[in-house]
Engineer: 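Here you go, one structure.
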Amino acid sequence: MPKKNEQSERVLMTVAIENYILLFFVSAVLGWIMEVTCKLFEFHRFINRGFLIGPYCPIYGVGAVVIIATLTRYADSPVIVFIMAILICGTLEYLTSYAMEKLFHARWWDYSQRRWNINGRICAVTLIPFGILGLVMIYLVKPFLFRLFAQIPQPWMNGVCAVLVAVFLTDTVISTTILGKIRHTAELASGDSTEAITHIVREKLQARPLVRRTLRAFPYAQVYNKRLLDRIKRTRAEIKEELQQKREDLRSDVEQWEQRMRILKEKKTGK
């Protein structure tokens, strides 16, 4: 009996993991479709969105998995689901932006020009739809997809998940190499501003289809040279220090002038 129970538990765990794997890919593809549709209306042309080559945006897949894994228990309260979905997706988007910038020296999206943004990485305009998507995931997508997954024979489920994971990992390796190429080209660029460096990188890598695809996927991306930024920071620090010294010198001159005026006034009064 114990062995049968252990075997049943392993089967159930495998099924649960594979359900989440399929959920990840379905959500990533739906997210990619949504992103492509939005950019189609904005630029009137097809743009293959996302860091990866394939038609999926992993951030949506991760968000869907985390939301369903953590918020299903709160399904009785749509308000909690809505708020928590905003917090989860906002945190995920912020951390993704931060990590991708630090790893590859590029600001891939920037909401600085929009109201109620945090460091340009997230803003209310995108967070509220994420809350709505959280509700859709909990009350519509999860029940539908998990019923659909349950109808897939287990051998097929195993094979499909294995193939999808293999394709995803391969894509991740290739795409990471491409992002590394973009960073390397930016580090060698001699532009005197982020805009100039971004232009140089786009021009130099136009002949490489996969790299060109990544750059086109993020039309507003700003690539920067870390050496340039460090130099700018040093210059700003020097200017700040110089201004501070001038303020202190000016304050000292004013105090000396005031002191001289008091002495003169005292002398005149004494006379």
Side-chain angles (χ1 to χ4, degrees), residues 17-18 20-40 42-43 45-66 88-111 120-122 126 130 133 159-189 194 197-226 229:
I17 292 173
E18 290 181 339
Y20 278 109
I21 289 174
L22 290 185
L23 171 66
F24 169 85
F25 280 99
V26 171
S27 302
V29 170
L30 291 176
W32 178 84
I33 293 173
M34 184 178 70
E35 289 277 347
V36 167
T37 302
C38 290
K39 294 306 173 184
L40 183 62
E42 183 177 356
F43 294 99
R45 60 186 175 87
F46 171 79
I47 296 178
N48 183 5
R49 290 286 286 173
F51 294 106
L52 303 183
I53 299 170
Y56 35 66
C57 292
I59 191 171
Y60 288 94
V62 173
V65 169
V66 174
I88 290 172
C89 293
T91 301
L92 180 61
E93 184 176 26
Y94 191 97
L95 293 177
T96 300
S97 172
Y98 180 84
M100 294 300 293
E101 180 175 347
K102 294 303 178 183
L103 287 172
F104 301 107
H105 297 175
R107 193 70 179 262
W108 300 98
W109 62 84
D110 191 352
Y111 301 129
R121 301 186 189 280
I122 57 176
T126 59
F130 282 148
L133 286 175
V160 169
C161 288
V163 170
L164 288 176
V165 169
V167 169
F168 178 78
L169 293 177
T170 303
D171 194 341
T172 300
V173 172
I174 295 173
S175 299
T176 301
T177 303
I178 292 171
L179 293 171
K181 180 63 177 177
I182 294 173
R183 170 178 168 170
H184 179 69
T185 304
E187 292 299 321
L188 295 178
T194 300
I197 291 174
T198 300
H199 178 73
I200 291 171
V201 170
R202 291 183 181 275
E203 286 294 322
K204 284 189 174 181
L205 298 178
Q206 276 297 313
R208 299 171 181 265
L210 293 180
V211 183
R212 184 172 66 244
R213 186 218 70 83
T214 302
L215 292 172
R216 287 182 176 178
F218 297 91
Y220 299 121
Q222 291 292 313
V223 184
Y224 60 81
N225 184 318
K226 193 172 185 300
L229 286 186

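Computed from a predicted model, the values in this text were never measured in an experiment.
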Engineer: Do you know which two heavy atoms are closest between Ser97 and Trp109, and how far apart they sit?
Structural biologist: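 Taking Ser97 first and Trp109 second, the nearest heavy atoms are CB-CZ2, 3.4 Å.
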Engineer: State whether Phe218 and Arg49 meet the cation-pi test: NZ (Lys) or CZ (Arg) under 6.0 Å from the six-membered ring centroid, and within 45° of the perpendicular axis.
Structural biologist: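 The answer is yes; both the distance and angle limits are met.
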Engineer: Under the rule for ring-ring contact (aromatic ring centres under 6.0 Å, His included), what residues qualify as partners of Phe25, not counting sequence neighbours?
Structural biologist: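 For Phe25, the residues satisfying ring-ring contact (aromatic ring centres under 6.0 Å, His included) (neighbours in sequence not counted) are Phe168.
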Engineer: Looking at every non-hydrogen atom in both residues, tell me the closest pair between Tyr111 and Glu93 and how far apart they are.
Structural biologist: OH-OE2, 3.0 Å
Engineer: Could you work out, with ring-ring contact (aromatic ring centres under 6.0 Å, His included) as the rule, every residue matching Tyr98, not counting sequence neighbours?
Structural biologist: none
Engineer: Looking at CD1 of Ile17 and CG of Leu23, how far apart are the two atoms once the value is rounded to the nearest 0.5 Å?
Structural biologist: 13.5 Å
Engineer: Quick one: does any side-chain atom of Arg216 pair with a main-chain N or O of Ile47 as donor and acceptor, under 3.5 Å?
Structural biologist: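 Looks like no, no N/O pair under 3.5 Å.
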Engineer: Which value, rounded to the nearest 0.5 Å, describes the distance between Thr214 atom OG1 and Leu52 atom CG?
Structural biologist: 9.0 Å
Engineer: Where do Leu92 and Ile59 come nearest, in terms of heavy atoms and distance?
Structural biologist: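 What the structure gives for the nearest pair is CD2-O, 3.4 Å.
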Engineer: Is there a donor-acceptor pair closer than 3.5 Å between any side-chain N or O of Thr170 and the backbone N or O of Ala166?
Structural biologist: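 Here the side-chain-to-backbone pair exists.
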Engineer: From Glu18 CD over to Leu164 CG, what is the distance, rounded to the nearest 0.5 angstrom?
Structural biologist: 10.5 Å
Engineer: Evaluate the ring planes of Tyr60 and Phe130, with Trp represented by its six-membered ring, and classify them as parallel (under 30°), tilted (30 to 60°) or perpendicular (over 60°).
Structural biologist: perpendicular
Engineer: Considering only heavy atoms from C-beta outward, does the side chain of Met34 approach that of Leu133 to under 4.5 Å?
Structural biologist: yes
Engineer: Of the non-hydrogen atoms in Ala64 and Ser27, which two are nearest, and what is the gap between them?
Structural biologist: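 In this case the closest contact between Ala64 and Ser27 is CB-OG, 3.1 Å.
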Engineer: Might you point out which heavy atoms bring Ile122 and Gly90 nearest each other, and give the distance in Å?
Structural biologist: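 Ile122 and Gly90 have their closest heavy atoms at CG2-O, 3.5 Å.
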Engineer: Once rounded to the nearest 0.5 Å, what's the spacing between atom CG of Leu103 and atom CZ of Arg183?
Structural biologist: 7.5 Å
Engineer: How far does CD1 of Ile33 sit from OH of Tyr56, to the nearest 0.5 angstrom?
Structural biologist: 14.0 Å
Engineer: Could you tell me which non-hydrogen atom of Ser175 sits nearest to which non-hydrogen atom of Ile53, and how far apart they are?
Structural biologist: OG-N, 3.5 Å
Engineer: Calculate, to the nearest 0.5 Å, the distance between atoms CH2 and CG belonging to Trp32 and Asn48 respectively.
Structural biologist: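 Here the rounded value is 5.5 Å.
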